Amino acid sequence: MRSIVSLQNCREYDSTRVREAVARALLEVPTTTDLLRSGRRILLKPNIVNPRGPERPVCTHPQVLRAVAEICHEAGCLLLVADQPTYWLTGRTGSQQPAAPGLFHTTGYVEVCKGLPVDWALCASAGYREFPVPRPYHVPVAHLTRLLDEVDGTINLPKLKTHMQTRLTGAVKNTFGLVAPRQRMDLHMLGNPALSEAIVDTFAAYRPELSVLDAVVAMEGAGPVR
């Protein structure tokens, strides 16, 4: 299956420029028309590997999230923003389920999405279920969040970054955040190339309808957290 890719120039995180670039990109992707229909609930999946503010190129920039959320809202869609950083699984107090609002405030997402009817959730809040993997390399069954059963479509919002194990974090790697943290941690122990193949397996179990990659400022060096 071939994917349609639209590349748009955007040199800074000015809200107007980001919105214009995202809108131009979506116009060139036919999937957008079918996905963004009134009444549909859309999951927006940013990259929040470790909650950091927008001044560092670690998480998907808030303005990219805002632009996509605005376009979805204007199409009449209902919005759910969700992720599950492995680093945040236990929280600072040892609790197995830290509250979602703190995570999304730290990244600047709540502030930038003021005025939009957005729901926020950690992927673990709904639990996980098994998704079969077609023609797997290593993972016959992926354990993915049950939030996927509660939405009509998913827009993947990765951040272009370096990664010490897989070299690159992009659209495929970002969906790894939908995987149960325990399985994610186990698969990281495989080493490469097996880890990269396992990430492809989990992506094949559930492919987002659309990906919008934040590459306005990309990460260099020893990623994915700096």
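Just so we're clear, the structure is a prediction, and the values are computed from it rather than from any experiment. For the single chain, residues carry numbers from 1 onward in sequence order.
- Note: the hydrophobic cluster containing Tyr128 does not contain Phe131 (ILVMFWY, side chain heavy atoms under 4.5 Å, direct or indirect links).
- Cluster annotation: Val29 and Ile71 are assigned to the same hydrophobic cluster (Ile/Leu/Val/Met/Phe/Trp/Tyr, side-chain heavy-atom contacts under 4.5 Å, transitive).
- Using modelled atom types, no side-chain atom of Asp83 and backbone atom of Lys45 make a donor-acceptor pair closer than 3.5 Å.
- Of the possible donor and acceptor atoms, one in the side chain of Gln183 sits under 3.5 Å from a partner among the backbone N and O of Val141.
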Where do Leu26 and Leu210 land on the side-chain contact (heavy atoms from CB on, under 4.5 Å) test, with the steps shown first? CA-CA 9 Å; Leu26 296 186; Leu210 186 66; 3.5 Å; yes
Quick one: do Glu70 and Arg66 satisfy salt bridge (Lys or Arg N to Asp or Glu O under 4.0 Å)? Show the steps, please. CA-CA 6 Å; Glu70 281 183 349; Arg66 171 77 194 198; 2.7 Å; yes
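- Residues Val112 and Gln63 meet the side-chain proximity criterion, which asks for heavy atoms closer than 4.5 Å.
- Applying the side chain to side chain donor-acceptor pair (under 3.5 Å) criterion to Arg129, with sequence neighbours excluded, gives Asp149.
- Between Leu187 and Thr202, the closest side-chain pair of non-hydrogen atoms falls below 4.5 Å.
- When atom types are taken as modelled, the side chain of Lys161 and the backbone of Cys59 share no donor-acceptor pair closer than 3.5 angstrom.
- Note that SG of Cys77 is 12.0 Å distant from CZ of Arg41, once rounded to the nearest 0.5 Å.
- Hydrophobic clustering (ILVMFWY, side-chain heavy atoms < 4.5 Å, transitive): Leu80 and Val179 are in one cluster.
- If you chain together hydrophobic residues whose side chains sit under 4.5 Å apart, Val212 and Val5 never meet in one group.
- With a 4.5 Å cut-off on side-chain heavy atoms, Ser6 and Arg24 do not count as touching.
- With respect to the salt-bridge test (charged N to carboxylate O, under 4.0 angstrom), the residues Glu74 and Arg19 qualify.
- The side-chain hydrogen bond (donor to acceptor under 3.5 Å, both in side chains) analysis of residues 132-142, with sequence neighbours excluded, yields the pairs His138-Glu197.
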Determine, step by step, whether Ser3 and Arg207 satisfy the side-chain contact (heavy atoms from CB on, under 4.5 Å) criterion, reporting the C-alpha distance in whole Å, the side-chain angles of both residues, the deciding distance to 0.1 Å, and the verdict. CA-CA 12 Å; Ser3 298; Arg207 293 170 59 97; 4.2 Å; yes
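- Looking at heavy atoms from C-beta onward, Glu28 lies in side-chain contact with Gln8 at the 4.5 angstrom threshold.
- For the pair Asp201 (side chain) and Pro136 (backbone), a donor-acceptor distance under 3.5 Å is absent.
- A side-chain donor-acceptor contact under 3.5 Å links Arg40 to the backbone of Asp152.
- Nearest approach of Pro134 to Ala204, heavy atoms of both residues: CD-O, 3.8 Å.
- Note that SG of Cys123 is 9.0 Å distant from CD1 of Ile48, once rounded to the nearest 0.5 Å.
- Leu27 has its side chain out of reach of Thr32: every pair of non-hydrogen atoms, C-beta onward, lies at least 4.5 Å apart.
- The CG atom of Leu178 lies 8.5 Å from the CZ atom of Arg184; values are rounded to the nearest 0.5 Å.
- Side-chain atoms of Glu209 come within 3.5 Å of backbone N or O of Thr154 as a donor-acceptor pair.
- Evaluation of the ring pair (Phe, Tyr, Trp, His ring centres under 6.0 Å) test over residues 22-58, restricted to residues two or more places apart or in two chains, returns none.
- Atom CD in Glu20 sits 8.5 Å away from atom CG in Asp14 (nearest 0.5 Å).
- Ser211 places no side-chain N or O within donor-acceptor distance of the main-chain N or O of Ala171, the cut-off being under 3.5 Å.
- Within the model, atoms OG1 of Thr60 and CG of Leu157 stand 6.0 Å from one another, a figure rounded to the nearest 0.5 Å.
- When all heavy atoms are compared, the tightest approach of Val22 to Ala67 is CG2-CB, 4.0 Å.
- Sorted by first and then second residue, the ring pair (Phe, Tyr, Trp, His ring centres under 6.0 Å) pairs with a member in residues 187-217 read Phe176-His188; sequence neighbours excluded.
- Between Thr107 and Pro54, the shortest heavy-atom distance links the atoms O-CD, 3.8 Å.
- Leu144 and Val151 fall within a single hydrophobic cluster, where Ile, Leu, Val, Met, Phe, Trp and Tyr are joined by side-chain heavy atoms under 4.5 Å apart, directly or via other members.
- A 4.5 Å side-chain heavy-atom check between Trp120 and Cys113 finds at least one atom pair inside the cut-off.
- Taking each heavy atom of Leu190 and Ala194 in turn, the nearest pair found is CB-CB, 3.8 Å.
- Here the closest non-hydrogen pair linking Ala69 and Leu79 is O-CD1, 3.5 Å.
- A distance of 5.0 Å separates CG in Leu36 from CD1 in Ile155, rounded to the nearest 0.5 Å.
- Across Cys10 and Val216, no two heavy atoms sit closer than the pair O-CG1, 3.5 Å.
- For Tyr109, the ring-ring contact (aromatic ring centres under 6.0 Å, His included) test picks out no residue, with sequence neighbours left out.
- For the ring pair (Phe, Tyr, Trp, His ring centres under 6.0 Å) condition, the pairs that include at least one residue of residues 9-31, sequence neighbours left out, are Tyr13-His61.
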